[in-house]
Undergrad: 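Take this structure, written in structure tokens, and hold onto it; I'll ask about it next.
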There are 2 protein chains.
Amino acid sequence: MGVMQIPRRVDYALRAAIYLSHQDPERSCSLAEIARHQGVPRKFLEKIIQNLIRGGLVKSKRGPDGGYALARSPGEISFQNVIEALEGPIAVNVCMSQHLSCDHLPRCTMLGVWNEIQRKVVDVFARTTLADLQRSPCQALASSSSLSSAA
Amino acid sequence: MGVMQIPRRVDYALRAAIYLSHQDPERSCSLAEIARHQGVPRKFLEKIIQNLIRGGLVKSKRGPDGGYALARSPGEISFQNVIEALEGPIAVNVCMSQHLSCDHLPRCTMLGVWNEIQRKVVDVFARTTLADLQRSPCQALASSSSLSSAA
DNA sequence: TTCAAACCAGACTGTTTAGGTCTGGTTTAA
DNA sequence: TTAAACCAGACCTAAACAGTCTGGTTTGAA
Ligand code: SF4
Ligand code: SF4
């Protein structure tokens, strides 16, 4: 259940990034601290954060009292940055990727639809930064009208 | 590669539905015919079409010269109808589903973002019907600017 | 210098999903 | 009666998902 659903690891990565965006950027937050506050399995989160480090979004400090901090300001880190650090480029269908392709593509009539979805999704992820979430601990609950009803 | 990517079976289902939308609704198209024209594995497509039938989107005729046809007019069949016939309700994250939930939800600050994605995605799928694809065999190729760049 | 607290790297595991295929029906027009 | 078609569900292989485990390396402090 849940087509086109974001993997848990991305959700976890975003939770971690959001947590760090609330902390003093000079301070290093330990893995245990982040995992505890955000309710994410500790070792799993550790692996996920490595991706954020390789993506240049998070910097780490080793040794006692070490930990993690954002590598740049929250306003400079978008959802897209976080997602692509883990998953690589977003492609809502195989034909929306440079790498993959589709032999049915030449005569395909629904390319425009996927293109529209792709554009809208990437646009939101690119536009939204960690700084945009600083406020409002629980917003947008009323718009459940957008939830699609069962088949 | 390809986060939030639509499964092949959905793409196949849409191809089949689109093919049927181009045919005389009185005529039954055999599985072999659809599979051949749309380049979809025959037996796999058969299983997929059963979902469309159960979803009330396609009707079948058995026996020799049997086959499939749309159960209603192309303008009355949306992408959402097809997708949900196969996959059930669309939910871009676990918290966007009635069934699933998330214990982190109460203090979550990114609900609004997922809600926006959910709304936009479902809106396109709900708005787009098979009738909207009757024309333009190859549109929207120029808008590759929406393709997200690598991590 | 030694220790331990932290991060780092990658192998490993169990479960589910994806993408099909295969077997054996049932229906029905000729 | 036959065979062309659909129908139902078991089956299969590979990959993805969600984690865990083991064993490092770094580094501040006692
Ligand atoms: S059939 Fe069309 S929409 Fe589907 S993957 Fe191929 S090109 Fe893209
Ligand atoms: S953490 Fe927030 S966004 Fe992620 S699943 Fe839970 S409620 Fe949804």
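Just so it is clear: chains get the letters A, B, ... in the order the sequence lines come, proteins before strands, and each one is counted from 1.
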Undergrad: Salt bridge check: are B:Glu116 and A:Arg127 linked by an N-O gap of less than 4.0 Å?
TA: yes

Undergrad: Report yes if a side-chain nitrogen or oxygen of A:Arg9 is closer than 4.0 Å to either non-bridging phosphate oxygen (OP1 or OP2) of D:dA18; otherwise report no.
TA: yes

Undergrad: More 5' along DNA chain D: A:Leu45 or A:Gly63, using each one's nearest nucleotide?
TA: A:Leu45

Undergrad: Could you check which of D:dA18, C:dT26, C:dG24 has an atom nearest any side-chain atom of B:Lys43?
TA: C:dG24

Undergrad: So, the side chain of B:Asn81 versus the backbone of B:Ser78: is there a donor-acceptor pair under 3.5 Å, distance only?
TA: yes

Undergrad: Do the non-hydrogen side-chain atoms of A:Tyr68 and A:Leu52 ever get within less than 4.5 Å of each other?
TA: no

Undergrad: Below 4.0 angstrom from OP1 or OP2 of D:dC7, is there any side-chain N or O of B:Tyr68?
TA: yes

Undergrad: Within less than 4.0 Å of OP1 or OP2 of D:dG19, is there a side-chain N or O belonging to A:Tyr12?
TA: yes

Undergrad: Report the distance from atom CZ of A:Phe44 to atom C1' of C:dG14, rounded to the nearest whole Å.
TA: 14 Å

Undergrad: Please state whether the base of C:dT26 and the side chain of B:Arg62 form at least one donor-acceptor pair under 3.5 Å?
TA: yes

Undergrad: Can you check whether B:Ser28 has a side-chain N or O nearer than 4.0 Å to OP1 or OP2 of D:dA5?
TA: no

Undergrad: Give a yes or no on whether a donor-acceptor pair under 3.5 Å exists between the nucleobase atoms of C:dG20, that is its base, and the side chain of B:Lys47.
TA: yes

Undergrad: If only atom types and distance count, is the side chain of B:Gln5 paired as donor or acceptor with the main-chain N or O of A:Ala91 below 3.5 Å?
TA: yes

Undergrad: In whole angstroms, how far is the C1' atom of C:dC7 from the CG atom of A:Asn51?
TA: 15 Å

Undergrad: Quick check for you: among D:dT27, D:dA8, C:dC7, whose closest atom lies nearest to any side-chain atom of A:Pro64?
TA: D:dT27

Undergrad: So what does B:Ile49 touch, heavy atoms closer than 4.0 Å: a base, only the sugar-phosphate, or nothing?
TA: nothing

Undergrad: Which nucleotide in the list C:dA6, C:dA9, D:dA18 gets nearest to the side chain of A:Ser30?
TA: C:dA6

Undergrad: Is the closest side-chain heavy-atom distance between A:Phe79 and A:Thr129 below 4.5 Å?
TA: no

Undergrad: When you measure from the side-chain N and O atoms of B:Gln50 to the phosphate of D:dA8, is any distance below 4.0 Å, counting only OP1 and OP2?
TA: yes

Undergrad: Would you say the side chain of B:Glu46 and the base of D:dC6 hold a donor-acceptor pair, judged only by whether the two atoms sit under 3.5 Å apart?
TA: no

Undergrad: Report the distance from atom NZ of B:Lys61 to atom P of C:dT28, rounded to the nearest whole Å.
TA: 10 Å

Undergrad: Rounded to the nearest Å, what distance is computed from the CD atom of residue A:Gln5 to the C1' atom of nucleotide D:dA18?
TA: 14 Å

Undergrad: Starting at CZ of B:Arg8 and ending at P of C:dA18, how long is that distance when rounded to a whole Å?
TA: 13 Å

Undergrad: Any side-chain to backbone donor/acceptor pair from B:Gln23 onto B:Tyr19? Under 3.5 Å, distance only.
TA: yes

Undergrad: Rounded to the Å, how far apart are B:Ile53 CD1 and D:dG9 P?
TA: 13 Å

Undergrad: Whole angstroms only, please: what is the CG-C1' distance between B:Leu31 and D:dA8?
TA: 14 Å

Undergrad: D:dA18 P sits how many Å from A:Arg15 CZ, rounded?
TA: 12 Å

